[in-house]
Amino acid sequence: MNLSSSLHIAQTLEKELGIAVEYHGGVLQPFLQIKSEYLRSICTFLNKTPGFYFDFLHCITCVDNGPSAGTLDLIYHLSSLPLEHGIILKMTLPREDSEAPSLTELWKTADWHEREIFDLFGVKFTGHPDLRRILLPADWQGHPLRKDYVEQTHYHGIKVKWE
């Protein structure tokens with residue numbers, strides 16, 4: 001999969017949509033840093049525009065940058081299977097009350113990834129058709145992949161933490 005088209009895509013987004021994005025090319029996998037309010041319009045453009053046709057969302061990854069940084073990063077890996085190119089989009093969100101638009105209308109694979117991130121990191125995806133926990137019980141306390149997560153010692157009278 002060719003990621004070298006990232007700079008061209010960044011320039012096209014600025015020209016066609018008037019959205020400024022930061023191109024980060026001096027890394028192993030080049031990426032575009034975007035703002036969350038533009039995620040849906042950028043992804044719709046990348047999915048629907050001939051010549052780009054990003055028809056596959058591989059994954060959405062969340063990274064907790066820790067309480068001192070106060071941010072979470074969402075990283076989207078997209079590919080165009082027929083055109084054999086890919087792109088990585090990255091957004092930084094505040095840790096408190098973190099929200100991002102859902103992409104389930106564009107890619108069905110977003111459903112599970114968004115639910116997993118909601119469950120384990122607490123990010124709310126606005127517009128998601130069924131945003132609820134997917135790996136943990138509905139009444140579980142906290143989000144286990146956050147760096148400041150404190151494990152429960154008991155769950156419904158069952159010991160879940162051993163010393």
Side-chain angles (χ1 to χ4, degrees), residues 1 3 6 9-10 13 17 19-24 27-48 54-80 86-163:
M1 197 58 56
L3 293 173
S6 298
I9 292 170
L13 291 171
L17 299 178
I19 297 173
V21 298
E22 292 178 38
Y23 169 70
H24 295 265
V27 293
L28 182 60
Q29 292 186 322
F31 67 92
L32 302 181
Q33 180 79 36
I34 65 170
K35 294 185 179 183
S36 63
E37 59 263 28
Y38 302 125
L39 176 67
R40 191 170 288 145
S41 58
I42 288 172
C43 288
T44 300
F45 179 83
L46 293 175
N47 179 260
K48 306 288 184 201
F54 285 94
D55 59 331
F56 184 52
L57 170 66
H58 292 270
C59 69
I60 308 169
T61 305
C62 188
V63 176
D64 183 357
N65 297 313
S68 60
T71 60
L72 299 169
D73 289 331
L74 288 180
I75 303 159
Y76 295 77
H77 292 256
L78 307 173
S79 288
S80 171
I87 193 162
I88 299 169
L89 304 175
K90 179 179 174 184
M91 307 187 311
T92 301
L93 304 172
R95 286 181 97 241
E96 298 305 315
D97 301 319
S98 51
E99 279 189 30
S102 175
L103 298 178
T104 55
E105 291 178 13
L106 292 172
W107 299 287
K108 295 298 180 194
T109 53
D111 185 353
W112 193 89
H113 295 293
E114 291 173 358
R115 285 183 61 194
E116 180 183 37
I117 291 168
F118 168 73
D119 194 1
L120 300 177
F121 289 93
V123 176
K124 294 178 182 81
F125 289 90
T126 55
H128 191 284
D130 187 24
L131 192 61
R132 59 190 165 99
R133 289 194 183 263
I134 193 168
L135 299 171
L136 296 167
D139 60 348
W140 191 264
Q141 298 297 309
H143 304 284
L145 292 185
R146 286 199 173 213
K147 291 185 178 177
D148 58 353
Y149 176 70
V150 178
E151 296 176 62
Q152 295 176 209
T153 56
H154 289 80
Y155 176 73
H156 291 283
I158 301 168
K159 189 174 184 175
V160 294
K161 182 178 180 182
W162 284 265
E163 300 295 327

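Fair warning: this is a prediction, and the values are worked out from it, not measured in the lab. Heavy atoms only: backbone and side chains are in, while hydrogens, waters and symmetry mates are out.
- When side chains are defined from C-beta on, Ile19 counts as touching Ser41, because their heavy atoms get closer than 4.5 Å.
- For Lys159, the side-chain contact (heavy atoms from CB on, under 4.5 Å) partners at least two apart in sequence or on another chain are His154, Trp162.
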Would His113 and Tyr76 satisfy side chain to side chain contact (heavy atoms under 4.5 Å, CB included), going step by step from the backbone distance to the final call?
CA-CA 10 Å; His113 295 293; Tyr76 295 77; over 6 Å; no

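- The backbone N or O of Leu57 lies less than 3.5 Å from a partner atom in the side chain of Thr109, making a donor-acceptor pair.
- Within a 6.0 Å sphere centred on CZ of Phe31, other residues, nucleotides and ligands contribute more than 12 heavy atoms.
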Go through it in stages, so that I can follow the logic: the residues are Arg132 and Asp130, the test is side chain to side chain contact (heavy atoms under 4.5 Å, CB included), and I'd like the CA-CA distance, side-chain angles, deciding distance and then a yes or no.
CA-CA 6 Å; Arg132 59 190 165 99; Asp130 187 24; 2.9 Å; yes

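- Annotation: the span from Leu72 atom CG to Lys147 atom NZ amounts to 10.0 Å, rounded to 0.5 Å.
- Asp64 places no side-chain N or O within 3.5 Å of a backbone atom of Phe121 that could act as its donor or acceptor partner.
- In this structure, the side chains of Leu120 and Leu136 come closer than 4.5 Å at one or more pairs of heavy atoms.
- Residues Asn65 and Val63 meet the side-chain proximity criterion, which asks for heavy atoms closer than 4.5 Å.
- From Ile75, atom CD1 reaches atom CD of Gln33 across 9.0 Å, with rounding to the nearest 0.5 Å.
- Between Glu114 and Thr104, the shortest heavy-atom contact is OE1-CG2, 3.5 Å.
- The backbone N or O of Lys161 sits nowhere less than 3.5 Å from a side-chain atom of Glu151 that would complete a donor-acceptor pair.
- Leu78 and His58 make their closest contact through C-CD2, 4.1 Å (heavy atoms, listed as atom of the first residue, atom of the second, distance).
- Of all non-hydrogen atoms in Ala100 and Leu93, the two that sit nearest each other are CB-CD1, 4.3 Å.
- Put simply, the side chain of Arg95 never gets that close to the backbone of Arg146: no donor and acceptor are under 3.5 Å apart.
- Proximity of His77 to Gln29: side-chain heavy atoms (C-beta onward) are separated by under 4.5 Å at one or more points.
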Residues Cys43, Leu89; criterion side chain to side chain contact (heavy atoms under 4.5 Å, CB included); working and verdict:
CA-CA 9 Å; Cys43 288; Leu89 304 175; 3.8 Å; yes

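- Between atom NZ of residue Lys124 and atom OG of residue Ser102 there is a gap of 14.5 Å, rounded to the nearest 0.5 Å.
- To the nearest 0.5 Å, atom OG of residue Ser6 and atom CD1 of residue Ile88 are 7.0 Å apart.
- Residues Phe54 and Ile9 have side chains in contact (heavy-atom distance under 4.5 Å, counting atoms from C-beta outward).
- Taking every heavy atom of both residues into account, Phe125 and Pro101 meet most closely at CD2-O, 3.9 Å.
- The backbone N or O of Ile134 lies less than 3.5 Å from no partner atom in the side chain of Trp112, so there is not a single donor-acceptor pair.
- Pairing each heavy atom of Arg133 with each of Gly142, the nearest pair is NH2-O, 2.7 Å.
- Residue Arg40 comes nearest to Leu103 through the heavy atom pair CA-CD2, 4.2 Å, listed as atom of the first residue, atom of the second, then distance.
- Interatomic distance, CG of Leu74 versus CG of Leu39, reported as 8.5 Å (0.5 Å rounding).
- In this structure, Asp111 has no salt bridge (Lys or Arg N to Asp or Glu O under 4.0 Å) partners at least two apart in sequence or on a different chain.
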Checking side chain to side chain contact (heavy atoms under 4.5 Å, CB included) for the pair His156/Asp139: CA distance, chi angles, key distance, verdict?
CA-CA 10 Å; His156 291 283; Asp139 60 348; 2.5 Å; yes

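- In this structure the side chain of Phe118 never reaches within 4.5 angstrom of the side chain of Val123, judged on heavy atoms.
- Between Leu13 and Ile34 the shortest side-chain heavy-atom distance does not fall below 4.5 Å.
- The NZ atom of Lys35 lies 8.5 Å from the CD atom of Glu22; values are rounded to the nearest 0.5 Å.
- Here the side chain of His143 pairs a donor or acceptor atom with the backbone of Asp119 at under 3.5 angstrom.
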